[in-house]
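Worksheet: one structure, shown below.
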Amino acid sequence: VGSEMCIRDSLYSLLRNNIPNKNYYMDNDCIKIIQDKKNTVAFFNNKKEKKDDLIIIANGIKSELRKYVDNDAKPEYAGYVGWRGVVNEDELTEKSLEVLSNYFVVVLPYNQQIAAYPIAGEGKDPFKKGNRRINWIWYKPASKIEFKNILLGKSGKQYLDGIPPNEIRDEISMELLLEAKEKLPPQMFELVNKTAQPLIQPIFDLESKRMVNNRFLTLGDASFTARPHVGMGVTKAAIDAFSLSDYLNPTTFENDLTKWEKERIKAGSFLVERSRELGKYLSKKDDDNLIMPEVINVLEDTAISLNDIKN
């Protein structure tokens with residue numbers, strides 16, 4: 001199937017340019033927040049303090065501040081990881097380029113999934129064919145023991161929920177390459193083979209029972225993180241924020257936020273459960289009852305509009 005592309009840097013710049021520099025703090029880690037009946041205060045690692053009416057926690061699945069809203073919400077490992085990489089189109093053979101540059105490609109080895117699609121390049125004319133890159137992600141099951149082994153770095157450090165690319169051990173990368181040669185079509189193997197340094201994305205689920213605690217609230221991946229199959233991370237965060245604007249009347253927002261919370265918890269729970277359903281065949285390793293989906297169904301279900309999801 002075809003796809004549409006967007007340059008993240010361009011989107012970031014478009015949004016960032018609408019925020020005055022005096023209101024955007026770089027290199028300031030928020031380490032603590034407090035509130036009373038009228039105000040909130042955020043404390044930063046550089047000793048700065050900021051008083052406001054409301055604090056919105058939107059710093060992702062690893063948020064240390066989420067505990068101020070829902071201390072019970074913790075990421076749960078889904079039983080598989082995503083290996084990722086990008087390759088410039090001009091590095092691919094003509095045969096591979098013909099397929100990979102024109103389509104969203106999905107291949108389903110048993111108990112696995114690999115997808116590839118074109119994304120914008122980094123130089124001049126980034127959307128022009130030949131100047132773009134091909135992005136790929138390969139979902140593979142990994143038990144908790146295997147997961148721990150994957151996250152053991154070259155330095156000997158044991159990482160817990162992710163690992164820097166330069167710390168991935170050579171034997172782990174070699175095993176990936178050998179498996180790619182054995183299980184993947186030539187075009188997909190070429191992608192893996194020509195990726196200078198694959199990345200590892202452990203897959204986690206996150207659900208919150210609360211998104212509002214008086215003048216504190218969470219949104220985006222800080223409150224709910226669905227698996228990538230639904231392709232809704234950015235969209236959900238945007239809807240969280242956009243819908244919030246309807247509930248920020250200065251005189252009534254404290255009561256109104258409970259309505260917003262109910263609406264967004266319902267949406268977040270639905271997306272997390274939906275993503276679990278789409279990825280259930282990726283975590284059931286060595287399961288004799290495993291039923292693999294049809295490729296056409298995976299294509300139809302991946303990153304579609306919320307309005308097109310069948311309940």
Side-chain angles (χ1 to χ4, degrees), residues 56-84 111-115 137-153 157-164 167-168 172 199-213 216-237 239-240 261-287 289-293 298 301-303 306 309 311:
I56 300 172
I57 300 166
N59 57 340
I61 189 173
K62 296 181 181 181
S63 175
E64 294 288 336
L65 300 175
R66 180 172 51 247
K67 63 187 178 184
Y68 290 97
V69 177
D70 187 346
N71 194 40
D72 294 327
K74 302 287 193 302
E76 294 184 7
Y77 177 55
Y80 57 101
V81 301
W83 284 88
R84 309 187 72 115
N111 203 192
Q112 300 179 6
Q113 180 199 127
I114 183 169
I137 179 164
W138 186 2
Y139 299 109
K140 298 168 77 275
S143 67
K144 289 185 177 180
I145 294 176
E146 292 169 327
F147 181 51
K148 184 177 180 180
N149 180 55
I150 291 171
L151 297 188
L152 178 63
K157 179 177 179 178
Q158 180 65 64
Y159 294 90
L160 300 178
D161 52 16
I163 184 170
E167 274 278 74
I168 298 173
I172 298 295
L199 315 177
I200 297 173
Q201 178 188 356
I203 307 301
F204 290 93
D205 299 323
L206 173 67
E207 286 188 275
S208 296
K209 299 298 183 184
R210 300 182 65 188
M211 292 178 67
V212 175
N213 177 12
F216 298 156
L217 63 90
T218 59
L219 57 74
D221 281 351
S223 56
F224 288 87
T225 301
R227 303 179 193 184
H229 318 299
V230 290
M232 285 285 173
V234 173
T235 302
K236 187 188 76 66
I239 295 175
D240 284 349
E261 178 187 39
K262 183 178 180 180
E263 171 191 311
R264 299 317 302 157
I265 285 179
K266 180 179 179 181
S269 297
F270 173 78
L271 283 177
V272 170
E273 187 56 37
R274 171 72 177 171
S275 70
R276 284 180 178 142
E277 179 65 22
L278 295 181
K280 64 183 180 181
Y281 64 94
L282 299 170
S283 56
K284 296 183 177 181
K285 193 172 184 180
D286 300 324
D287 186 344
N289 298 316
L290 177 66
I291 299 175
M292 290 293 292
V298 173
D301 287 335
T302 299
L306 283 172
I309 295 176
N311 292 315

Sub-4.5 Å side-chain heavy-atom contact between Ser223 and Ser208:
yes
Just by distance, do the side chain of Lys74 and the backbone of Asn71 share a donor-acceptor pair under 3.5 Å?
yes
Any side-chain heavy-atom pair from Pro75 and Arg66 closer than 4.5 angstrom?
yes
Lys/Arg N to Asp/Glu carboxylate O, Lys67 vs Asp72, below 4.0 Å
no
Note, Phe224 side chain near Arg264 side chain (heavy atom, < 4.5 Å)
no
Measure the shortest side-chain to side-chain distance between Leu219 and Ile56 over non-hydrogen atoms and say whether it is less than 4.5 angstrom.
yes
Using 0.5 Å steps for rounding, measure from the CG atom of Asn111 to the CG atom of Leu282.
7.0 Å
Between Tyr80 and His229, how do the two ring planes meet: parallel, tilted or perpendicular, split at 30° and 60°?
parallel
Do the side chain of Ser269 and the main chain of Ile265 share a donor and acceptor less than 3.5 angstrom apart?
yes
Can you give me the closest heavy-atom contact between Lys148 and Gln158, atom names plus distance?
O-NE2, 2.8 Å
What are the two closest non-hydrogen atoms of Ala142 and Glu146, and how far apart are they?
CA-OE1, 3.4 Å
Working to the nearest 0.5 angstrom, can you tell me the gap between Asn149 CG and Ile172 CD1?
4.5 Å
Are the charged groups of Lys209 and Asp70 less than 4.0 angstrom apart, N to O?
no
Of all heavy-atom pairs between Pro293 and Tyr281, which one has the smallest distance, and what is that distance?
CG-CE2, 3.5 Å
Using 0.5 Å steps for rounding, measure from the CD atom of Glu263 to the CD1 atom of Ile239.
9.5 Å
Check whether any side-chain heavy atom of Ile137 lies under 4.5 Å from a side-chain heavy atom of Gln201, and answer yes or no.
yes
Say you draw a straight line from CZ of Phe270 to NZ of Lys236; how long is it, rounded to the nearest 0.5 Å?
13.5 Å
Trp138 and Gln112: side chain donor to acceptor below 3.5 Å:
yes
Do NZ/NE/NH1/NH2 and the carboxylate oxygens of Arg276 and Glu273 come within less than 4.0 Å?
yes
Give a yes or no on whether the backbone of Tyr68 and the side-chain of Asn213 come within a donor-acceptor separation of less than 3.5 Å.
yes
Nearest heavy-atom pair of Glu64 and Asn59: which atoms, and what distance?
N-ND2, 4.4 Å
Of all heavy-atom pairs linking Gly82 and Tyr139, the shortest is CA-CD2, 4.0 Å
Can you name the closest pair of heavy atoms from Val69 and Met211 and give their distance?
CG1-C, 3.4 Å
Using a 4.5 Å cut-off on heavy atoms from C-beta on, say whether the side chain of Ile200 contacts that of Trp83.
yes
Within the 4.5 Å heavy-atom criterion, are Val298 and Gln113 side-chain neighbours or not?
yes
Could you walk me through whether Ile163 and Ile150 pass the side-chain contact (heavy atoms from CB on, under 4.5 Å) check?
CA-CA 9 Å; Ile163 184 170; Ile150 291 171; 5.5 Å; no
Pair Arg274, Glu277 - check salt bridge (charged side-chain N to carboxylate O under 4.0 Å, His left out), show working.
CA-CA 5 Å; Arg274 171 72 177 171; Glu277 179 65 22; over 6 Å; no
Take the angle between the ring planes of Phe204 and Phe147 and call it parallel below 30°, perpendicular above 60°, tilted in between.
perpendicular
When rounded to the nearest 0.5 angstrom, what is the spacing between CG in Leu271 and NZ in Lys266?
12.5 Å
Any Val230 side-chain heavy atom under 4.5 Å of Leu278 side chain
yes
If only atom types and distance count, is the side chain of Ser275 paired as donor or acceptor with the main-chain N or O of Val272 below 3.5 Å?
yes
